[in-house]
Amino acid sequence: MSTAIAGPEIERLIQLLARLPGLGPRSARRAALHLIKRREQLLVPLASAMQTAIEKITVCRTCGNIDTQNPCTICADPRRDPSVIVVVADVGDLWALERARVINARYHVLGGTLSPLDGVGPQDLAIEALVTRAHASDVGEVIIALNATVDGQTTAYYITDLIADAGVKVTRLAHGVPVGGELDYLDEGTLSAAIRQRTPF
Ligand code: ZN
């Protein structure tokens, strides 16, 4: 048990920061102190940015991406190739692929992967919407960019079955993705190689 060394407001800030990925209690304490010391330059603008995010952030009704506009910036961008849909499990994977700047396509965020053990079934994911999109006449390829985990691959096979009659090419990432690997943790070079050398499903 850790003892409180500051007032409840500060302790609360530390506790919340400690829930962020990559931050434990010690680094949360350090981050809190850093924010408090830079009240005007950092704490106030951060609080205001968070407030704006709460008010404006929305989920794209087309692809499931998170943005402040609907359709999202990517779906609304006319320079994006509308014939290719990249299927990802989470928004974090979409961001990782965008960071790697490897493909100028549109996305479809499933919201997870099928996981019978955790009780995640097809109805919990945006699979039906994907099937509808894959059947649209302007779509020619669906790239399945799911993690190389058992759940990721199960989901990939499930989707491939459902869109088999859509007349689209279905491809998956090349073997650059390590088995059990999560996209979000891959470096940009590996990700971009995995997309470029994608293979037919
Ligand atoms: Zn979108």
*Would you say the side-chain atoms of E55 and Q51 include a donor-acceptor pair closer than 3.5 Å?*
yes
*Does any N or O in the side chain of R19 come within less than 3.5 Å of the main-chain N or O of L16, such that one atom is a donor and the other an acceptor?*
no
*Side-chain contact test, heavy atoms from C-beta onward, threshold under 4.5 Å: evaluate it for I10 versus I36 and give yes or no.*
yes
*Does any N or O in the side chain of D93 come within less than 3.5 Å of the main-chain N or O of D90, such that one atom is a donor and the other an acceptor?*
yes
*In this structure, which one of D67, L94, N104 forms a side chain to side chain contact (heavy atoms under 4.5 Å, CB included) with I74?*
L94
*Is there a donor-acceptor contact under 3.5 Å from the side chain of R196 to the main chain of V102?*
no
_With a 3.5 Å distance limit and no angle check, can you tell me whether R198 reaches the backbone of T171 through a side-chain donor-acceptor pair?_
no
*Would you say T155's side chain and L114's backbone share a donor-acceptor pair under 3.5 angstrom?*
yes
*Provide the closest heavy-atom pair for D151 versus T113 in the form atom of the first, atom of the second, distance.*
CB-OG1, 3.7 Å
_Beyond-backbone contact of T154 with T149, side-chain heavy atoms, under 4.5 angstrom_ = no
_Looking at every heavy atom in both I14 and A32, which two are closest together, and how far apart are they?_
CG1-CB, 3.6 Å
*asked:* Hydrogens and angles aside, do R30 and H34 bring a side-chain donor and acceptor to less than 3.5 Å of each other?
replied: no
*Trace of the side chain to side chain contact (heavy atoms under 4.5 Å, CB included) decision for H108 with V142*: CA-CA 10 Å; H108 192 88; V142 172; over 6 Å; no
*Should L13 and L42 be regarded as members of a common hydrophobic cluster, given that ILVMFWY residues are connected when their side-chain heavy atoms come within less than 4.5 Å of each other, either directly or indirectly?*
yes
*Where do C75 and P71 come nearest, in terms of heavy atoms and distance?*
CB-CB, 3.9 Å
*Determine, for R172 against E141, whether the closest basic-nitrogen to carboxylate-oxygen distance falls under 4.0 angstrom.*
no
*asked:* What I'd like to find out is whether the side chain of L146 reaches to under 4.5 Å of the side chain of L110, using heavy atoms alone.
replied: yes
_Value rounded to 0.5 Å, distance of CD in Q153 from CD1 in I144_ = 9.0 Å
Just list the side-chain donor-acceptor pairs under 3.5 Å for residues 122-131, sequence neighbours left out, or say none.
from: D124; atom 1: OD2; to: G121; atom 2: N; distance (Å): 2.8

*Determine which pairs satisfy ring pair (Phe, Tyr, Trp, His ring centres under 6.0 Å) with at least one residue from residues 138-170, sequence neighbours left out, and list them in order.*
Y157-F201
*Taking V109 as the fixed residue, which of V86, V88, V87, V59 is the one that meets the side chain to side chain contact (heavy atoms under 4.5 Å, CB included) rule?*
V88
*asked:* Quick check: closest heavy atoms across A134 and A166, and the distance to 0.1 Å?
replied: O-CB, 3.7 Å
*What heavy-atom pair brings D77 and R106 nearest, and what distance separates the two atoms?*
O-NH2, 3.3 Å
_Ignoring hydrogens, what is the shortest heavy-atom contact between R133 and Y107? Give both atom names and the distance._
NH1-O, 2.6 Å
_Donor-acceptor pair, side chain of N70 and main chain of R61, under 3.5 angstrom_ = yes
*Pair S83-D138, side-chain donor/acceptor within less than 3.5 Å*: no
*Qualifying residues under salt bridge (charged side-chain N to carboxylate O under 4.0 Å, His left out), relative to R99, sequence neighbours excluded*: E188
*Any donor-acceptor pair under 3.5 Å from T52 side chain to S48 backbone*: yes
